[in-house]
Amino acid sequence: MSQHIFALVDCNNFYASCEKLFRPDLADTPVVVLSNNDGCVVARSREAKKLGIKMGVPVFQVRELMQKHGVVAFSSNYALYADMSQRVMSLLESLAPRVEVYSIDEAFLDLTGVDFSQNLTEFGLTARQLVQKCTGITVCVGIAPTKTLAKLANHAAKTWQKTRGVVDLTSKERQRKLLALLPVDEVWGIGGKLTKRLQQLGVDTALQLADADPKFIRQHFSVMVERTVRELNGESCIALEEMAPTKKQIVSSRAFGERITDKQQMREAISEYISRACKKLRQEQQEAKYLTVFLRTSPFSDKDAPYSASKSVELDSPTGDTRIFLAKAMQLLDGLWLDGYRYAKAGVMLSDFYDPGVHQPGLFDEPLIKKESDHQLMQLIDNLNAKHGKTIWFASQGTKQDWSMKRELLSPAYTTNWRDLPVAK
DNA sequence: TCTGGGGTCCTAGGACCC
DNA sequence: TCTGGGGTCCTAGGACCC
């Protein structure tokens, strides 16, 4: 068995760090970034973590604490984070032959067989310095023979200052020493539910999971957990994926800034989501055959009557045409809408994707005549909106969009809009 | 009053067929 | 009175991730 070597590079407090980059005055201030609608805390600076503000907590529950300690909050500014992410990733791509961008703030590097003039820890430190110098973002690096162990190595690098942000976990002894220290829920792929069930079987630490019998785990849990056990023992089961696999579904959904009680407003919202989903679909160069629309009241309110429903429709043939999905979605909405509820969220989902032109119609399906002009119209819309911002849209999307999300604490588009370029004084 | 969004994979169970 | 069994396909729901 050839030995693999993976490095996991993960940005520290990524969203919060991005916001701080352009606000040097906030260098030592606790900063949090909020979810859409300014609802939950989704990122925290080091100082904010120290105050005990938990990931995912609703803002209203920590508002007092934040005021008391002068915590500065920002609405999510995805344009900024996506741009900073690209800068970090292209630096990483210059360091290793094969890179998997795993999420907006982390990447796996395949170091298998790479002959460095330096040892692995030195390589990690070099990567760290490069990213720090060129982007201002601090990263931590975990190095190990499997992705699951690299994740844990990264966690160790983040947790213990004296590691200088880099942990080389290629030695078996160090692996077992670290695994013994970590609770089982720190392991990649082991969430809340599995942790509970594992604990009932006496498995509390990552090491105990590693030492469990894979066959027993397979029987009582799943192939996924079995794979995790093998990975913890240094057997690489999860390969590096350089190319993003083509999507299998596209979801567009949002909680509303204010509850919707009016059907016309819901029509606007659904139209908006359809238009976004179809645009993504065309970017993926795919066509979809299956559409789902869903809506629901707030699951947290015990005052409002609860209601949640979804309906789907399969088209005769796949398409990327927004107008076809709009018409179908409005029909589905007619079947879903009930007066008298306070709707908190809705969304649409496209699935069952095909490459344009390969779908085999059924014997009795209406043959859909696709006109080149339809395709060109969609392209024209996408191009105009890409070039000039949101310029044209379908009337059903509405113009006021009173229901749209709250983003009251948005930072400027420092890196993606000329108007918002930071000025050096 | 106020609780995110976008994905993937696996499994159990029903429908259907012979 | 007595009412099979095994395979495949599909879908909904659960669990996980960032």
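Residue numbering restarts at 1 for every chain, and letters A, B, ... go by the order of the sequence lines.
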Charged N-O contact under 4.0 Å between Arg230(A) and Glu226(A): yes
Across the strands shown, which category fits Val223(A) at heavy-atom distances under 4.0 angstrom: base, sugar-phosphate, nothing? sugar-phosphate
Does Asp334(A) come within less than 4.0 Å of Lys263(A), counting only side-chain N to carboxylate O? yes
Value in whole Å for how far the P atom of dC18(C) lies from NE2 of His155(A): 12 Å
Taking dC18(C), dC9(B), dC2(B) as options, the one with an atom nearest any side-chain atom of Tyr102(A) is dC18(C)
From the set dC17(C), dG7(B), dG4(B), return the single nucleotide nearest to any side-chain atom of Val251(A). dG7(B)
Under 4.0 Å between a side-chain nitrogen and a carboxylate oxygen: does that hold for Glu106(A) and Lys151(A)? yes
Taking atom P of dC2(B) as reference, at what distance in whole Å does atom CD of Gln61(A) sit? 13 Å
Distance in angstrom units between Glu408(A) CD and dT1(B) C1', rounded: 13 Å
Looking at the side chain of Arg63(A), which of dC2(B), dT3(B), dA15(C) is the nearest nucleotide? dC2(B)
Of the nucleotides dG5(B), dG7(B), dC2(B), which one has an atom closest to the side chain of Lys280(A)? dG7(B)
Reading DNA chain B from 5' onward, which residue's closest nucleotide shows up sooner: Gly39(A) or Ser252(A)? Gly39(A)
Taking atom C1' of dC17(C) as reference, at what distance in whole Å does atom CG of Asn154(A) sit? 15 Å
How is Gly56(A) classified with respect to the nucleic acid when contacts are heavy atoms under 4.0 Å: base, sugar-phosphate, or nothing? nothing
Euclidean distance for P, dC18(C) against dT3(B) (whole angstrom): 25 Å
As a test of reading the structure: which of dC18(C), dT3(B), dA15(C) is closest to the side chain of Ser103(A), going by heavy atoms? dC18(C)
If you only use heavy atoms from C-beta on, which nucleotide in dC17(C), dG5(B), dC16(C) is closest to the side chain of Lys151(A)? dC17(C)
Against the side chain of Phe60(A), the closest entry in dG4(B), dC10(B), dC2(B) is dC2(B)
Quick check for you: among dG5(B), dT11(B), dT8(B), whose closest atom lies nearest to any side-chain atom of Lys248(A)? dT8(B)
Which is true for Arg259(A) with a 4.0 Å heavy-atom rule: it touches a base, it touches only sugar-phosphate, or it touches nothing? sugar-phosphate
Just the rounded figure in Å: distance from P of dT11(C) to NZ of Lys289(A). 11 Å
Categorize Ile104(A) for me: base, sugar-phosphate, or nothing, with a 4.0 angstrom heavy-atom threshold over every strand shown. nothing
If each of Arg218(A) and Tyr15(A) is mapped to the nucleotide of DNA chain B with the nearest heavy atom, which maps nearer the 5' terminus, i.e. the 5' end? Tyr15(A)
Indicate, with a heavy-atom threshold strictly under 4.0 Å, whether Ile250(A) touches base, sugar-phosphate, or nothing. sugar-phosphate
Within this structure, what is the CD-to-P distance between Glu64(A) and dC2(B), rounded to whole angstrom? 18 Å
Please check if the side chain of Asn154(A) supplies one atom and the backbone of Leu8(A) the other of a donor-acceptor pair under 3.5 Å. yes
Inspect the contact between Lys20(A) and Glu47(A) and indicate whether a charged nitrogen and a carboxylate oxygen are less than 4.0 angstrom apart. yes
Looking at dC18(B), which nucleotide sits across from it as a Watson-Crick or G-U wobble partner, both distances under 3.5 angstrom, or is there none? dG5(C)
Out of dG6(B), dC2(B), dG4(B), which nucleotide sits closest to the side chain of Ser253(A)? dG6(B)
Over all strands shown, is Glu106(A) touching base, sugar-phosphate only, or nothing at heavy-atom distances under 4.0 angstrom? sugar-phosphate
Mind checking if Asp38(A) touches a base, just sugar-phosphate, or nothing, with heavy atoms under 4.0 Å? nothing
Expressed as a whole number of angstroms, how long is the span from Lys247(A):NZ to dT8(B):P? 7 Å
What is the nucleic acid contact for Val33(A), judged by heavy atoms within less than 4.0 Å: base, sugar-phosphate only, or nothing? nothing
In plain terms, say whether Glu272(A) and Arg276(A) are close enough for a salt bridge, that is, a side-chain N and a carboxylate O under 4.0 Å apart. yes
Please give, in whole Å, the distance from dC18(C) C1' to Phe14(A) CZ? 12 Å
Would you say the ring centers of Phe6(A) and Trp188(A) fall short of 6.0 Å from each other? no
Out of dG4(B), dC2(B), dC17(C), minimum distance to the side chain of Trp188(A) belongs to dC17(C)
